[in-house]
Amino acid sequence: MPIIKLENIQKKFGQNTVLDGIDLVFGEGEFTVLVGPSGCGKTTLLRLIAGLEQVSGGKILIGDRDVTKLEPRERDIAMVFQNYALYPHMSVYENMGFGLKARGVDTGEIKRRVMQVAEMLGIEVLLNRKPKELSGGQQQRVAIGRAVVRDPSLFLFDEPLSNLDAKLRTEMRTELLKLHRELHATTVYVTHDQEEAMGMGDCIVVLNDGVIQQRGTPREIYFHPINLLVAGFIGSPSMNMVHGQISAGTFTSLDGVIVLETKGQPDGDVILGVRPEDIHRPINLADRQHGCALSCRADVIELLGARAIITLAMSGTELKAVFEERYLKDIVEGSPLTVVLDLDRLHFFDAATGQRLNETAQGGELDGGRGANG
Ligand code: ATP
């Protein structure tokens with residue numbers, strides 16, 4: 001499959017600039033996930049690549065072929081939509097074979113390819129049904145099958161699982177990944193769902209206001225977010241952000257509650273970022289010595305099953321932590337407790353620019369976590 005390149009893509013709707021200077025390369029067989037807040041331009045970017053919208057500037061290249069001005073059907077790209085977009089009057093078989101028929105592929109070859117893909121997706125028994133006779137999950141499988149049958153240069157997925165219930169979503173996610181491993185098809189996938197982004201992507205692109213904030217592996221994006229926006233957007237619950245100052249290598253939060261050594265960060269106003277999963281209950285002295293110990297109160301406990309989100313209150317500061325349920329047994333709402341912040345996993349951002357300041361935990365090897373939240 002050829003490499004797909006976007007060069008300085010601009011898109012305006014009237015005076016409104018929706019995408020501004022997008023440069024991206026989708027490597028052969030790579031699975032790229034596009035994420036970003038609602039309205040940041042994700043769907044517009046997919047529609048531009050598919051040819052459903054025209055760019056206001058820039059180029060789209062598939063291999064050496066400049067497809068910027070080509071019609072959608074000339075681009076060899078298949079798009080799977082959130083709402084499935086199946087033809088209601090056609091059977092599943094006809095829906096899946098439609099693209100091939102439109103290209104003049106002969107009936108025998110259409111049958112061979114539709115049957116092969118139907119088997120791959122476990123939908124052979126549905127081939128004679130109309131879309132209205134299918135569940136949401138089955139319709140989505142057919143929509144995916146219709147794209148796969150065409151064997152395109154590039155697959156575009158626009159939130160394909162968001163209409164499905166949570167259980168089916170998880171199942172379909174695994175199936176899509178298996179399919180990707182089988183086909184090695186270059187894929188661009190838009191989602192709102194962080195788990196989908198982290199779990200599916202070889203590469204994640206975070207967009208905001210039509211501008212790429214960061215492109216990286218899931219590890220890079222999670223462990224080394226380049227700015228406050230990426231840091232706050234990826235991870236659930238979101239990273240805790242604490243305003244403070246660094247002076248002579250020591251960070252002090254504005255309310256004076258959190259004081260910790262910073263390993264040589266320059267002086268200035270900063271925001272300390274701490275992921276909820278990097279706050280632990282210390283189980284031994286080494287944990288206390290390694291981390292920054294804080295006395296606080298468990299204000300709210302939200303049990304999610306095996307894990308719980310705890311809102312920790314200190315004088316002027318509130319932090320969210322994620323603990324395994326087994327470390328909660330002695331705590332009720334209102335209990336005092338001591339927690340430690342893992343000093344190896346802190347993030348510092350410039351308070352004025354929002355840009356990352358420190359180089360720790362940059363997606364490299366980590367020690368598997370300390371203390372008692374697993
Ligand atoms: P969501 O996550 O909510 O689906 P998104 O990141 O996919 O959002 P887009 O649908 O690409 O965002 O929209 C980006 C911006 O472009 C929005 O401000 C939207 O209102 C605007 N926009 C999209 N399509 C058009 C259009 N056809 N005409 C005018 N403005 C549009």
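Whatever order the structure lists them in is the order used to number ligands and atoms, beginning at 1. Treat the numbers as computed from the prediction; the structure is a model and nothing was measured.
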When you measure from atom 12 (O) of ligand 1 to each heavy atom in S162, S38, G41, G210, which option holds the nearest one?
G41

Checking the N or O distance criterion of under 3.5 Å, is ligand 1 in contact with N16?
no

For [atom], find the nearest protein heavy atom and state the residue, atom name and distance (0.1 Å precision).
atom	value
atom 16 (O) of ligand 1	V18 CG2, 3.3 Å
atom 9 (P) of ligand 1	T44 OG1, 3.5 Å
atom 2 (O) of ligand 1	K42 NZ, 2.8 Å
atom 17 (C) of ligand 1	G39 O, 3.9 Å
atom 27 (N) of ligand 1	F13 CE2, 3.5 Å

Measure up the F31 and H180 rings against each other and bin them: parallel (under 30°), tilted (30 to 60°), perpendicular (over 60°).
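If you compare the ring of F31 with that of H180, the planes turn out perpendicular.
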
Which donor-acceptor pairs under 3.5 Å do the side chains of residues 225-233 make with protein atoms, sequence neighbours left out?
| residue | atom | partner | partner atom | Å |
| --- | --- | --- | --- | --- |
| N227 | OD1 | L229 | N | 3.2 |
| N227 | OD1 | V230 | N | 3.0 |
| N227 | ND2 | Q213 | OE1 | 2.9 |

Charged N to carboxylate O under 4.0 angstrom, [X] versus [Y]?
X	Y	answer
K11	D20	no
R75	E71	no
K263	D344	yes
R169	E196	yes
D165	K167	no

Using the rule given for salt bridge (charged side-chain N to carboxylate O under 4.0 Å, His left out), can you reason through E133 versus K130, listing the C-alpha separation, both sets of side-chain angles and the distance that settles it, and then say yes or no?
CA-CA 6 Å; E133 296 165 330; K130 295 274 170 54; over 6 Å; no

Check whether any heavy atom of G36 sits under 4.0 Å from an atom of ligand 1.
no

Is ligand 1 under 4.0 Å from a heavy atom in the side chain of T43, in the backbone, in both, or in neither?
both

My question is simple, although I want it checked carefully: is atom 31 (C) of ligand 1 less than 4.0 angstrom from any protein heavy atom?
yes

Protein non-hydrogen atom below 4.0 angstrom of atom 24 (N) of ligand 1 present:
yes

Those atoms of ligand 1 less than 4.0 Å from some heavy atom in H192:
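In order of number, 2 (O).
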
